[in-house]
Amino acid sequence: MELLGNKLVRIISNTGEKLKRLSGIIVETEAYGFKDDAASHAFRGQTPRNAVMFGEAGRAYIYFIYGNHFCVNVSARPFEIEAGAVLIRALQPVEGIKCMKIFRKNSEELSLTSGPGKIGQALCIQKSLNGQDMTDRKSHIHIEVGVKPPGMIATQRIGTSKALDKKWRFVSLAKSKKGYVTNKFSSRS
DNA sequence: TCGATGATTGAG
DNA sequence: TCAATCATCGAA
């Protein structure tokens, strides 16, 4: 996927002190489409929550799930009419690791951002970031272009029971071996 | 309005 | 294997 290897950057301004910069290399993503994709939030049409998926590409789509977790997406539309987004599932932490550990309550580096909800915690993601332009380096959450990893593989998606035939989960093979990505490769039948 | 549910995580 | 936990959505 296009996003793999790029850097997700989160800038936080707390207590009026200098801006803190948290970032990580994107090592795992999942794509979600429109009406042909039953697992997508956009499947049933546009709602206030998924409006970003129908808007301009390159925006942040932040949503709250399971009562506890924030997930980060980048809106993307493969073709004019469609809606869609790419869920960022895992990062390799780069900047502000110490800070992330605080947000994540002192966990190990490998498990800091190895899951969608964990990224939400580690990067202090809030709903107010929804709709931010992620192509603008001034945004408090944005993408910086990096180097594409050599080995990328596509697998079945995780965490949803719908449209399992679509192999739209993309991971960087090298990073997955190091343990930076979610480790549920086999789903229970 | 009300009830079901989910692109998850962490503990048991 | 299972509970936590709540915003969102669709049906009533």
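Only this structure's heavy atoms are used, side chains among them; waters, hydrogens and symmetry mates stay out. All values derive from a computational prediction rather than experimental measurement. All chains are named by letter (A, B, ...) in the order of the sequence lines, taking the proteins before the strands, and each is independently numbered beginning at 1.
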Residues A:E28, A:S172; criterion side-chain hydrogen bond (donor to acceptor under 3.5 Å, both in side chains); working and verdict: CA-CA 6 Å; A:E28 179 181 1; A:S172 160; over 6 Å; no
With side-chain hydrogen bond (donor to acceptor under 3.5 Å, both in side chains) as the criterion, how do A:S139 and A:R59 come out once you've worked through the C-alpha distance, each side chain's angles and the decisive distance to 0.1 Å? CA-CA 10 Å; A:S139 293; A:R59 300 292 198 72; over 6 Å; no
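- Sequence order on DNA chain B of the closest nucleotides to A:T160 and A:R104 puts A:T160 first from the 5' end.
- Atom CZ of A:R49 is separated from atom C1' of C:dC9 by 8 Å (rounded to the nearest Å).
- Summarising the geometry, the separation between CD1 on A:I119 and P on B:dA7 is reported as 16 Å, rounded to the nearest angstrom.
- Centroid-to-centroid, the aromatic rings of A:Y32 and A:F43 stay 6.0 Å apart or farther.
- Among the atoms of the strands shown, none is found under 4.0 Å from any heavy atom of A:F43.
- The aromatic ring of A:Y32 sits over the base of B:dA7, with ring centres less than 5.5 Å apart and planes inclined by under 30°.
- Electrostatic pairing of A:R157 and A:E30 does not count as a salt bridge here, judged by no charged N lying under 4.0 Å from a carboxylate O.
- Checking the phosphate oxygens (OP1, OP2) of B:dG10, a side-chain nitrogen or oxygen of A:K118 falls inside 4.0 Å.
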For A:R77 and A:E82, what are the C-alpha separation, side-chain angles and deciding distance, and is it a salt bridge (charged side-chain N to carboxylate O under 4.0 Å, His left out)? CA-CA 6 Å; A:R77 295 191 297 167; A:E82 299 200 6; over 6 Å; no
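- Distance A:M53 CE to C:dC9 C1': 15 Å, rounded to the nearest Å.
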So what does the secondary structure string of DNA chain B come out as, 5' to 3', with Watson-Crick or wobble pairs under 3.5 angstrom, [ ] for crossing and | for pairs with another strand? ||||||.||||.
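- With rounding to whole Å, A:H41 atom NE2 is found 11 Å from B:dT5 atom C1'.
- In this structure, A:K162 atom NZ and C:dC9 atom C1' are separated by 11 Å, rounded to whole Å.
- Among the protein residues, A:R157 comes within range of no part of the nucleic acid, since none of its heavy atoms lies under 4.0 Å from any strand.
- Atom CZ in A:R44 sits about 12 Å away from atom C1' in C:dA11, given to the nearest Å.
- Residues A:I65 and A:F70 are not in side-chain contact: their nearest non-hydrogen atoms beyond the backbone lie 4.5 Å or more apart.
- For residues 93-105 of chain A, the pairs satisfying side chain to side chain donor-acceptor pair (under 3.5 Å) are A:K7-A:E95, A:R21-A:E95, A:S23-A:E95, A:R104-A:Q121, with sequence neighbours left out.
- Proximity of a side-chain donor or acceptor of A:T29 to a complementary backbone N or O of A:I88 within less than 3.5 Å is not detected.
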Provide a list of protein-nucleic acid N or O atom pairs under 3.5 angstrom, restricted to nucleotides 3-7 of chain C.
| residue | atom | partner | partner atom | Å |
| --- | --- | --- | --- | --- |
| C:dA4 | N3 | A:N68 | ND2 | 3.3 |
| C:dT5 | O4' | A:N68 | OD1 | 2.9 |
| C:dT5 | O2 | A:Y66 | O | 2.5 |

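- Side-chain N or O atoms of A:N130 include none that pairs as donor or acceptor with a backbone N or O of A:R49 at under 3.5 Å.
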